[in-house]
There are 2 protein chains.
Amino acid sequence: MEHKDIPDIVVGRLPLYLRTLQHMAQDGRLLTSSQELGERLGISAAQIRKDLSQFGEFGKQGTGYQIEFLIKKLREILHINQEWDLVVVGAGDIGSAVVRYRGFANRGFRVAMVFDSDPDKIGSQVGDFTVQDGSYMVEAIRAARVKVAMLAVPAAQAQEVANRLIEAGICAILNYAPISLNVPPGVFVQYIDPAIHLQRMTYYLV
Amino acid sequence: MEHKDIPDIVVGRLPLYLRTLQHMAQDGRLLTSSQELGERLGISAAQIRKDLSQFGEFGKQGTGYQIEFLIKKLREILHINQEWDLVVVGAGDIGSAVVRYRGFANRGFRVAMVFDSDPDKIGSQVGDFTVQDGSYMVEAIRAARVKVAMLAVPAAQAQEVANRLIEAGICAILNYAPISLNVPPGVFVQYIDPAIHLQRMTYYLV
DNA sequence: TAGATTGTTAATCGATTAACAATC
DNA sequence: TAGATTGTTAATCGATTAACAATC
């Protein structure tokens, strides 16, 4: 049942379903339907049913989906029924904002360590963390068996730092540097670049 | 020639092409090929040629693409041969990091104003900007004819603030709040939610 | 029961790739 | 010229949707 051969585009929608379901649960809701979920997300009801059916039968005809049950299932599917430690690399504006971000709670992640290579930043306090010396990053990550990293260093250093993260055993990188990373198979990268997102919209303007 | 009927998925790749071309130009490079571009981005050469050919003939057989020329064309296509003013709403950690972000330079955007509703933040300095009172946001945006917003307020307020942005004439919103926004046709939204990106990777881990 | 909604199938729609003539 | 690479076509591949039997 684990990993049939799910298209990545389907995997990409599951976190959106989960987020919406968690909002519904917060509102005290118990049941929802593929139609309601679709309306809230701008996705067709058929697609939502098809996506979910790849992993099992989670609903009931005539009734819909029990929100808490579906949340539990999606958390299992996405492997966030555990909490993943995060390493944040780069304690500049973006790195610091990420370290202080409250939005990871109950979503499968917690910041575990913060590194920078700037002597002015090493030893300083960011949120609940002391910025550690990047020179010792590889050993520290390896010792703590951290698998997920957020990369918030300048573009010029991003590839080199990514190489060291991979050497340290990191296999998922959320990259805030505006540059495409080259990584070996088995390492996953996601990109956050506000300018890219903005440009995608200005195409449609005027 | 403007707006035949380009698939959104193609539009979404153009900023990536542009970013890579700008890196090449910075390295002093003059020419590239669909093959080289593809290798750097993990995209097939055929796809890049097909994407670009939707907008014109920008290359030369046997030679490839002149980097500066293609940059110019992509900037025109994406409407970033102008600089767009940005309004940042929310002067918390994320909003402040966005305001101070140096990565918009030469990519078509500049922060123009910053708003918050917290009396402790109003009047304070963030980077080069003074945080303005959110109560006057709609009039200020309308008067300055700003069209693009970055939304960095708590999820609970995001939809309400988005409504006011749209009322003010905003038609592109980059939303950092972890919630799906409901917007009318003609308003575009892009989402940045680190937890969503991370969950998309943990699916593949262990 | 009547109404609602699932899970699934088949049909449609759209995106990607392979291949190659054109030509620099 | 020979080699390289484009722009484009047709074929392949994959994703979405419409429809409906099953059933709660």
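Values reported hereafter were calculated over all heavy atoms of this structure, with side chains retained and with hydrogens, waters and symmetry mates removed.
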With both distances under 3.5 angstrom, what nucleotide forms a Watson-Crick or G-U wobble pair with C:dA11?
D:dT16
Quick one: do A:D8 and B:R200 make a salt bridge, cutoff under 4.0 Å?
yes
Is any side-chain N or O of B:S44 closer than 4.0 Å to OP1 or OP2 of C:dT17?
yes
Re C:dT23: Watson-Crick or G-U wobble partner, both distances kept under 3.5 Å, found to be D:dA4
A quick test of your reading: do over 12 heavy atoms of other residues, nucleotides or ligands sit less than 6.0 Å from CG of B:D128?
no
Establish, with yes or no, whether the OP1 or OP2 oxygen of C:dA4 is under 4.0 angstrom from a side-chain nitrogen or oxygen of A:Y65.
no
Nearest whole angstrom, please: distance from the C1' of C:dA18 to the CD1 of B:I48.
16 Å
When rounded to whole Å, the CD1 to P distance for the pair A:I67 and C:dT5 reads 13 Å
Name the closest nucleotide to the B:Q35 side chain, picking from D:dT5, C:dA15, C:dG7.
D:dT5
From C:dT23, C:dA15, D:dT16, pick the nucleotide closest to the side chain of B:Q61?
C:dT23
D:dT6 OP1/OP2 closer than 4.0 Å to side-chain N/O of B:S34:
yes
Look at A:Q47 and D:dT16 and indicate whether a side-chain polar atom (N or O) is within less than 4.0 Å of OP1 or OP2.
yes
Does C:dG7 have OP1 or OP2 under 4.0 Å away from a side-chain N or O of A:R49?
no
